[in-house]
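Scope of the values below: all heavy atoms of this structure, side chains included, with no hydrogens, waters or symmetry mates. Proteins come first, then strands; the chains are lettered A, B, ... in the order of their sequence lines, and each starts at number 1.
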Protein chains: 2
Amino acid sequence: MNAGEMRARILDAAEALLRQHGPDKLTVIDVASALNMSHGNVYRHFSSKAALRAAVVKTWLDRVAEETGSIADKDAPADIRLEDWLKGLAKIKQRKVTEDAAILAASARIGKEAPQLEREHSKRLISQVERILQDGLEEGTLPGAHDPTSAARAILNATFRYHHPDLVANGGPPDQQTAELNDVVTLMIKGLKRS
Amino acid sequence: MNAGEMRARILDAAEALLRQHGPDKLTVIDVASALNMSHGNVYRHFSSKAALRAAVVKTWLDRVAEETGSIADKDAPADIRLEDWLKGLAKIKQRKVTEDAAILAASARIGKEAPQLEREHSKRLISQVERILQDGLEEGTLPGAHDPTSAARAILNATFRYHHPDLVANGGPPDQQTAELNDVVTLMIKGLKRS
């Protein structure tokens with residue numbers, strides 16, 4: 001097993017422990033014993049408990065960004081991709097709230113220890129939307145996206161309620177949130193279609 | 001002093017106590033002694049501590065709704081009124097966050113005891129926006145507001161980040177929030193101008 005594989009195995013074990021026991025219980029010792037490994041072996045890959053926890057959160061955030069990234073890169077007109085991207089992100093967050101409550105709580109907790117993770121994730125999402133808007137401007141489906149950077153930011157701010165984990169968790173029934181988001185997205189895309 | 005005046009005097013004293021000492025310290029006994037009044041006199045107007053606290057919060061919320069209501073009723077085209085209304089509400093919330101932190105904290109706390117207050121307040125705000133959109137539809141400045149009720153809801157949801165007290169308090173520098181809100185509002189109004 002090479003270093004990359006070992007790292008992935010440690011992260012898998014750490015994620016499983018987080019799911020079962022929550023963020024407080026995740027220590028290097030727990031992970032090492034779950035893998036029948038020496039602590040030193042785990043420490044060779046993650047220099048501290050904080051580094052291990054941050055790496056688990058980064059793995060989740062990367063999965064979200066890959067999932068939305070595949071929508072951003074779809075072969076379709078930009079206005080359709082934008083709509084699908086926004087609805088897709090909201091659906092991922094709803095799924096996390098219902099299926100991965102323990103992980104989300106851990107993520108919020110760990111996010112406070114490592115705020116740069118959230119900032120980088122947020123930048124990555126903004127750049128995906130920016131790319132869609134740039135395409136829409138060039139192909140003419142979104143002529144109102146004169147300034148793709150500030151438009152991307154505005155779009156993510158306007159849909160904040162539907163992708164911020166706490167707000168999704170406390171924002172009422174998923175069907176109602178989906179209906180509300182659809183109205184917001186429709187209105188914004190109409191705005192972007194106007195040059 | 002008639003009953004209405006006495007009620008107003010009690011509410012003023014209760015608000016002052018809340019500002020000074022926070023929501024935990026607000027009791028009928030404190031208010032009565034601040035006014036050199038018997039407890040019975042206060043109880044005649046407010047049947048419980050909870051009723052007194054809820055009445056103070058209702059007073060604040062009513063002030064907000066009156067302030068935004070005067071923007072909604074201005075003599076100006078609906079698209080201008082909509083923009084002013086949204087920016088006005090955000091400004092009121094920013095002001096509360098910086099100047100009235102104690103009151104906001106109390107309001108959030110008491111809001112949990114009396115959730116119908118927030119619901120009624122929210123309905124009142126939605127109906128102000130609805131009225132503006134209805135006018136915009138009739139006068140032709142906002143031809144995209146076919147369904148003023150769902151459009152009003154979409155507009156308030158899209159600007160949630162800029163009028164929810166906790167999000168305003170934790171949403172970064174006021175100037176940056178104002179710039180972000182402006183982008184969101186501009187985009188939505190463009191959408192509403194497209195029929």
Between chain B and chain A, which N/O donor-acceptor pairs sit under 3.5 Å?
residue	atom	partner	partner atom	Å
N157(B)	OD1	R161(A)	NH1	2.8
N157(B)	ND2	Y162(A)	OH	3.2
N157(B)	ND2	E180(A)	OE1	3.2
R161(B)	NH1	N157(A)	OD1	2.7
Y162(B)	OH	N157(A)	ND2	3.2
E180(B)	OE1	N157(A)	ND2	3.2
K190(B)	NZ	R194(A)	O	3.1
R194(B)	O	K190(A)	NZ	3.1

Same apolar cluster: V28(A) and M6(A), side chain cutoff 4.5 Å: yes

Please give me the minimum heavy-atom distance between A154(A) and V184(B), naming the atom from each residue. O-CG2, 3.5 Å

Checking one residue: F160(A). Which other hydrophobic residues are in its cluster under the side-chain 4.5 Å linking rule? L167(A), F160(B), L167(B)

Same cluster (ILVMFWY, side-chain, under 4.5 Å), V168(A) and V64(A): no

Given the rule in the side chain to side chain contact (heavy atoms under 4.5 Å, CB included) test, do L187(A) and I155(B) qualify, once you have shown the distances and angles that lead to the verdict? CA-CA 9 Å; L187(A) 190 54; I155(B) 288 166; 4.1 Å; yes

hydrophobic_cluster_shared for L156(A) and L181(A), side chain cutoff 4.5 Å: yes

Residues that, via side-chain heavy atoms closer than 4.5 angstrom, fall in one hydrophobic cluster with L137(B): none

Under 4.5 Å between side-chain heavy atoms, counting indirect links through other Ile/Leu/Val/Met/Phe/Trp/Tyr residues: same cluster for I80(B) and I132(B) or not? no

For A151(A), all residues meeting side chain to side chain contact (heavy atoms under 4.5 Å, CB included), sequence neighbours excluded: L133(A), L192(A)

